[in-house]
Amino acid sequence: MAGSGKSTWMHRLVIRLQSIKKRVYTINLDPAVRNVAYPVNVDIRDTVNYKEVMKHFNLGPNGGIMTSLNLFATKFDQVLTLLDKRAPDLDFVLIDTPGQIEVFNWSASGQIVCDALAVSYPTLVTYVVDTAQCAKPVTFMSNMLYACSILYKTKLPFIVAFNKIDVTPHDFLLEWMRDFEKIGEALSRDAACGPPTSPAWRAR
């Protein structure tokens, strides 16, 4: 999801792998990102101008990102050609994606990218979750359902990574995942509280 810390996590992963002498190749698939903290080998922004796509097709931000990725996916064979040339000298290829979940749930571009990679290389999907945003059980369940939908659509090895545990302790999540009754109780408590009913809330 947007804001879950995918790019920051990717940056730390690149640094970690390089520190243990692993040979890393990075790909950025987010056309709207302004700055990337890690060195990028293949960047969608070099091929597709996100703002021009928005203007040309009269799209909003999300539509612009989706369409940019769809356009890039039509040329993904060129990325594979680059990877094929470099593969003998690499240990890992890391791919950073946009936070629009529709890319993998509804759009063909996410499927094209995953299938194209999986045919040639051992491919693993990491779904990064913002732990702080999972304090509400409904949000946690929503994230897990999204993760499951991507898992079943890609049919690839899959890891769910709970990020930002330095901000929010993750003990409650472990409890929910290990004991179905605990998450059931949390959902019931949350439902019993209901939404705020103050005029200020209604105004928002």
Side-chain angles (χ1 to χ4, degrees), residues 1-11 13 26-34 36 40 42-45 47-51 53-54 56-77 79-80 83 93-164 170 173 176-177 180 183 186-187 190:
M1 290 287 199
S4 62
K6 295 181 303 302
S7 297
T8 303
W9 180 79
M10 175 109 160
H11 175 223
L13 185 58
T26 61
I27 299 174
N28 170 48
L29 292 183
D30 189 347
V33 68
R34 291 184 180 178
V36 180
V40 181
V42 176
D43 196 333
I44 187 175
R45 297 174 299 172
T47 305
V48 182
N49 188 316
Y50 159 69
K51 290 188 177 179
V53 169
M54 284 177 62
H56 180 76
F57 293 102
N58 193 28
L59 298 168
N62 276 12
I65 291 172
M66 296 288 291
T67 303
S68 294
L69 201 53
N70 287 340
L71 292 169
F72 189 75
T74 64
K75 299 181 178 181
F76 201 71
D77 59 314
V79 176
L80 290 176
L83 287 180
V93 177
L94 304 177
I95 302 175
D96 197 3
T97 64
Q100 280 62 30
I101 206 77
E102 309 96 288
V103 168
F104 295 96
N105 270 353
W106 312 115
S107 173
S109 57
Q111 192 74 45
I112 289 168
V113 169
C114 288
D115 288 350
L117 290 166
V119 166
S120 302
Y121 305 103
T123 304
L124 181 144
V125 177
T126 304
Y127 181 81
V128 182
V129 180
D130 185 337
T131 302
Q133 294 297 325
C134 285
K136 283 190 168 292
V138 171
T139 309
F140 167 73
M141 287 301 296
S142 175
N143 259 301
M144 294 303 95
L145 289 171
Y146 274 128
C148 287
S149 69
I150 296 169
L151 166 64
Y152 287 117
K153 187 163 186 181
T154 61
K155 297 181 176 67
L156 292 171
F158 197 89
I159 291 175
V160 178
F162 288 89
N163 204 11
K164 305 183 185 179
H170 61 291
L173 291 176
W176 287 351
M177 286 186 278
F180 182 74
I183 182 62
L187 286 166
D190 204 44

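On a predicted model such as this, the values are computed, not experimentally measured, just so you know. Heavy-atom basis, side chains included; hydrogens, waters and symmetry copies ignored.
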Do S7 and V36 have side-chain heavy atoms sitting under 4.5 Å apart?
no

D96-N28 side chain donor-acceptor pair, cut-off 3.5 Å
no

Mark yes or no for whether N163, through its side chain, and S4, through its backbone, hold a donor-acceptor pair below 3.5 Å.
yes

Flag side-chain contact, heavy atom, 4.5 Å: L117 against I95:
yes

Decide side-chain contact (heavy atoms from CB on, under 4.5 Å) for I101 and I150; before the verdict, give the C-alpha distance in whole Å, the side-chain angles of both, and the deciding distance to 0.1 Å.
CA-CA 9 Å; I101 206 77; I150 296 169; 3.7 Å; yes

Are M1 and D130 packed together at the side-chain level, in the sense that at least one heavy-atom pair is separated by less than 4.5 angstrom?
no

How close do N70 and S107 get, heavy atom to heavy atom, and via which atoms?
OD1-OG, 2.9 Å

Between atom CE of M66 and atom CZ of F57, what is the distance when rounded to the nearest 0.5 Å?
14.0 Å

Residue pair L71 / V53: nearest heavy atoms and the distance that separates them
CD1-CG2, 4.0 Å

Within the 4.5 Å heavy-atom criterion, are P98 and L29 side-chain neighbours or not?
yes

Backbone of R34 reached by a side-chain donor or acceptor of R45 within 3.5 Å:
yes

Distance-only, no hydrogens or angles: does the K153 side chain make a donor-acceptor pair with backbone N or O of N105 under 3.5 Å?
yes

V93 versus I27, closest heavy-atom pair with distance:
CG1-CD1, 4.0 Å

Can you confirm whether N58 is buried at CG, in the sense that more than 12 heavy atoms of other residues, nucleotides or ligands lie under 6.0 Å from that atom?
no

Decide yes or no for L124 and L156: does some side-chain heavy atom of the first lie under 4.5 Å from some side-chain heavy atom of the second?
no

Indicate yes or no: at least one non-hydrogen side-chain atom of Q100 is less than 4.5 angstrom from one of L69.
no

Of the non-hydrogen atoms in Y121 and L80, which two are nearest, and what is the gap between them?
OH-O, 4.4 Å

L173 side, atom CG; C134 side, atom SG - distance, nearest 0.5 Å
5.5 Å

Where does the angle between the aromatic ring planes of F158 and Y127 fall among parallel (under 30°), tilted (30 to 60°) and perpendicular (over 60°)?
parallel

Please check if the side chain of S142 supplies one atom and the backbone of V138 the other of a donor-acceptor pair under 3.5 Å.
no

Can you confirm whether V125 sits close enough to F104 that some side-chain heavy atom of one is under 4.5 Å from a side-chain heavy atom of the other?
no

Starting from the C-alpha separation in whole Å, work towards a yes-or-no answer on side-chain contact (heavy atoms from CB on, under 4.5 Å) for F72 and V113.
CA-CA 10 Å; F72 189 75; V113 169; 5.9 Å; no

Just how far is it from atom CG of D115 to atom OG of S120, taken to the nearest 0.5 Å?
11.0 Å

Got M144 and V129 here, is their nearest side-chain heavy-atom distance under 4.5 Å?
yes

Residues A116 and F76: closest non-hydrogen pair is CB-CD2, 3.9 Å

Measuring from atom CG of N49 to atom NE2 of H56, what distance do you get when rounded to the nearest 0.5 angstrom?
12.5 Å

Nearest atoms (heavy-atom pairs only) where T139 meets Q133:
CG2-O, 3.0 Å

Which distance, rounded to the nearest 0.5 Å, do you find between the CG of L59 and the OG1 of T67?
4.5 Å

Tell me, yes or no, whether the heavy-atom count around Y146 atom OH, taken from other residues, nucleotides or ligands under 6.0 Å, exceeds 12.
no

